[in-house]
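A short worksheet on the structure shown next.
Atoms within a ligand are numbered from 1 in the order they appear, just like the ligands themselves. Because the structure is a prediction, the values reported are computed rather than measured.
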Amino acid sequence: MPVQLEIITAERVVLSDQVDQINAPTRAGRVGILPRHAPLLTILEAGELDIIKNGERTAFAVSGGFMEVLPNRVTILADTAERSDEIDEARAEEARRRAQERIEVAHSDRDMMMAEAELRRAMVRLRVAQLRRIRQRGGGE
Ligand code: ATP
């Protein structure tokens with residue numbers, strides 16, 4: 001029996017679907033969620049979130065948030081989340097370049113923390129988009 005998964009941001013419902021497995025980037029490391037997982041409330045870090053449905057993997061870039069796991073329902077409240085094919089790589093590359101510049105000229109801890117978070121978001125988006133291309137190539141051979 002699959003798990004009902006909702007991935008929600010302040011802007012939109014990113015996904016509402018029945019899935020077989022979820023691999024999420026939490027503060028405590030990557031956590032795999034299967035149906036009937038024990039209840040859990042955890043903080044998500046910026047990273048790749050994978051779902052598996054009917055043997056097929058779909059990856060999302062998330063920039064942090066919360067995950068609530070109930071036996072047959074998982075809710076992810078993400079700061080931002082994009083499915084791998086929604087990621088605009090040129091935009092992420094530009095955001096990465098901007099964040100690196102900001103890190104170099106940061107005048108306060110707060111500026112530095114914000115620039116580092118921006119850099120992490122951009123790096124995750126780039127990685128998730130690149131992995132998608134690599135996996136597609138692998139699948140097509
Ligand atoms: P940018 O400076 O390019 O806006 P950012 O990291 O500041 O990057 P966020 O504040 O994390 O952007 O996200 C703002 C909105 O734009 C969110 O809805 C997020 O999903 C979307 N978004 C940000 N970067 C990308 C991208 N490279 N591809 C697709 N959607 C993106």
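With a heavy-atom cut-off of 4.0 Å, Glu89 does not touch ligand 1 at all. The parts of Asp88 lying near ligand 1 are both backbone and side chain, judged by heavy-atom distances below 4.0 Å. Contacts between Arg98 and ligand 1, counted as non-hydrogen atom pairs separated by less than 4.0 Å, involve the side chain only.
Taking each heavy atom of Ile7 and Ala81 in turn, the nearest pair found is CG2-CB, 4.0 Å.
Among the candidates Met114, Met112, Met113, His107, the single residue satisfying the side chain to side chain contact (heavy atoms under 4.5 Å, CB included) test with Arg110 is Met114.
Counting only non-hydrogen atoms, the option in Glu118, Met114, Arg125 that gets closest to atom 11 (O) of ligand 1 is Arg125. The heavy atom nearest to atom 13 (O) of ligand 1, considering only Thr9, Asp79, Val62, Thr80, is found in Thr80. Which of Arg91, Arg12, Glu11 comes nearest to atom 23 (C) of ligand 1 through a heavy atom is settled by distance: it is Arg91.
A donor-acceptor pair under 3.5 Å links the side-chain atoms of Arg30 to the main chain of Asn23, judged by distance alone. Side chain of Ser63 to backbone of Arg121: no donor-acceptor contact under 3.5 angstrom is found. Judged purely by atom type and a 3.5 angstrom limit, Asp20 uses its side chain to pair as donor or acceptor with the backbone of Asn54.
Every atom of ligand 1 is numbered from 1 in the order shown, and the set under 4.0 Å from a heavy atom of Ile87 is 28 (N), 29 (C). Those atoms of ligand 1 that come under 4.0 Å of a heavy atom in Glu86, given as number and element, are 28 (N), 29 (C).
Other residues, nucleotides and ligands contribute only 12 or fewer heavy atoms inside 6.0 Å of the CZ atom of Arg27.
One distance of note links CG of Leu70 with CG of Leu40; it measures 9.5 Å at 0.5 Å rounding.
Nearest non-hydrogen protein atom to atom 7 (O) of ligand 1 is Arg121 NH2, 3.3 Å. When only non-hydrogen protein atoms are considered, atom 19 (C) of ligand 1 lies nearest to Glu82 OE2, 3.2 Å.
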